[in-house]
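Reviewing the structure listed below.
FYI, side chains are in, hydrogens and waters are out, and symmetry mates aren't considered; it's all heavy atoms of this structure. No experiment lies behind these values; they were computed from the predicted model shown. All ligand and atom numbering here is 1-based and tracks the order in the structure.
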Amino acid sequence: AGAMAVFHDVTVQHAREAELTSFAGMVAHDLRTPLTMVVGYTELLAESVDAGSVDPVTLRTPLTQISAGAERMGQLIHDLLVYATARDASLHSTDFDLADVASDVVTLITASLRPEGEPMPRVTVGALPTVRADQNMIRQLLDNLIGNAIKYTPPGEAARIDISAYPDRPGWVRIEVADHGIGVPEGQHEAIFAGFHRAHADGPYAGTGLGLAICKHIVDRHGGTIAVADNPGGGSRFSFTLELGDPQDPDGE
Ligand code: ADP
């Protein structure tokens with residue numbers, strides 16, 4: 001038994017190391033592209049300064065690219081920190097009204113996410129039950145899913161999002177976030193939860209590919225499951241399961 005335990009520990013250790021190595025590799029890779037951009041354009045700027053040609057018009061492009069590269073690196077660092085926090089944080093479960101939390105997240109996100117001039121997203125929050133979960137983590141989860149639903153709706157179109165609850169196994173509920181956006185391409189419905197997998201990387205949609213890995217981690221920690229299916233009317237439906245709470249004892253332990 002001792003030998004088996006050691007064998008098991010070694011195997012787990014190897015799996016962790018492999019996971020860490022590929023994670024570090026992906027982070028390094030994702031940071032290198034914007035960094036190359038920042039370094040390249042900074043050198044270009046320095047050269048034009050040396051050559052005495054500091055024409056405001058020719059400065060505009062390098063400055064825009066440097067700022068975009070820095071912003072991208074900042075976003076990646078932000079998402080990595082959220083990911084690390086979600087991994088390390090201990091679970092503080094309470095009973096709370098999911099409709100209140102969802103409405104709150106919707107208000108905050110719709111006010112901040114869409115750029116000026118873009119139509120306001122239309123989000124319908126259906127009747128949602130009391131759940132037993134870590135409220136901060138569930139906020140993060142809804143924030144990522146609703147944020148994606150808005151982001152992956154073509155520019156110029158108002159995002160239409162429905163958040164609803166469905167029965168699941170006894171004591172559990174399935175929550176669905178459905179959108180009418182561009183949808184998840186065939187064959188990528190599982191891979192997008194793995195981290196750093198971007199199904200629309202070539203389009204106008206900026207991102208790090210960490211949001212859904214964070215979502216999956218949060219739902220796993222709660223003993224639930226998360227998945228995506230196509231929305232029959234176009235777009236996608238992300239659904240996750242949570243334990244039901246006691247509606248008489250909201251915010252109790
Ligand atoms: P990010 O949005 O930063 O790329 P995520 O981990 O949140 O990373 O999502 C991974 C990928 O899954 C996205 O790049 C996108 O291709 C796809 N995706 C996520 N949410 C949606 C959605 N609501 N509609 C269509 N595709 C989506």
Exercise: do H222 and E243 side chains pair donor with acceptor under 3.5 Å: no
Residues D79 and Q75: side-chain donor-acceptor under 3.5 angstrom: yes
Distance filter under 4.0 Å to K151 heavy atoms, resulting ligand 1 atoms: 1 (P), 2 (O), 3 (O)
Working for side chain to side chain contact (heavy atoms under 4.5 Å, CB included), residues I146 and I163: CA-CA 9 Å; I146 299 166; I163 307 172; 3.7 Å; yes
Element-labelled atoms of ligand 1 that are located less than 4.0 Å from some non-hydrogen atom of S236: 22 (C), 23 (N), 24 (N)
Taking atom 13 (C) of ligand 1 as the reference point, the nearest protein heavy atom with its distance: Y152 OH, 3.2 Å
Identity and distance of the protein heavy atom lying nearest atom 25 (C) of ligand 1: G183 O, 3.3 Å
Heavy-atom nearest neighbour of atom 9 (O) of ligand 1 within options I182, V228, L212: L212
G211 N/O to ligand 1 N/O under 3.5 Å: yes
Y152 and Y205 aromatic ring geometry - parallel, tilted or perpendicular at 30°/60° bounds: tilted
Atoms in ligand 1 flagged as close to L210, the criterion being non-hydrogen separation under 4.0 Å: 6 (O), 8 (O)
Among I192, L76, V177, closest by any non-hydrogen atom to atom 12 (O) of ligand 1: I192
Proximal candidate to atom 10 (C) of ligand 1 [heavy atom criterion; set R198, R237, H200, H197]: H197
Shortest protein heavy-atom distance from atom 23 (N) of ligand 1, along with the residue and atom involved: D179 OD2, 2.9 Å
Test salt bridge (charged side-chain N to carboxylate O under 4.0 Å, His left out) applied to R139 and D104, step by step: CA-CA 9 Å; R139 277 177 187 272; D104 211 33; 2.9 Å; yes
4.0 Å heavy-atom contact, G209 with ligand 1: yes
Top protein contact for atom 7 (O) of ligand 1, by heavy-atom distance: N148 ND2, 2.9 Å
Verdict with reasoning, V173 to Y166, per side chain to side chain contact (heavy atoms under 4.5 Å, CB included): CA-CA 6 Å; V173 62; Y166 297 88; over 6 Å; no
Contact (N/O only, under 3.5 Å) between A199 and ligand 1: yes
Neighbour count above 12 (heavy atom, 6.0 Å) for Y41 OH: no
Ligand 1 contact by F238, heavy-atom criterion under 4.0 angstrom: yes
Donor on one side chain, acceptor on other, H92 and N136, under 3.5 Å: no
Nitrogen or oxygen atoms of D79 and ligand 1 under 3.5 Å apart: no
Heavy atom of T208, distance to ligand 1 below 4.0 Å: yes
Heavy-atom neighbours of E71 CD exceed 12 at 6.0 Å: no
Heavy-atom donor-acceptor pair, N231 side chain to D179 backbone, under 3.5 Å: yes
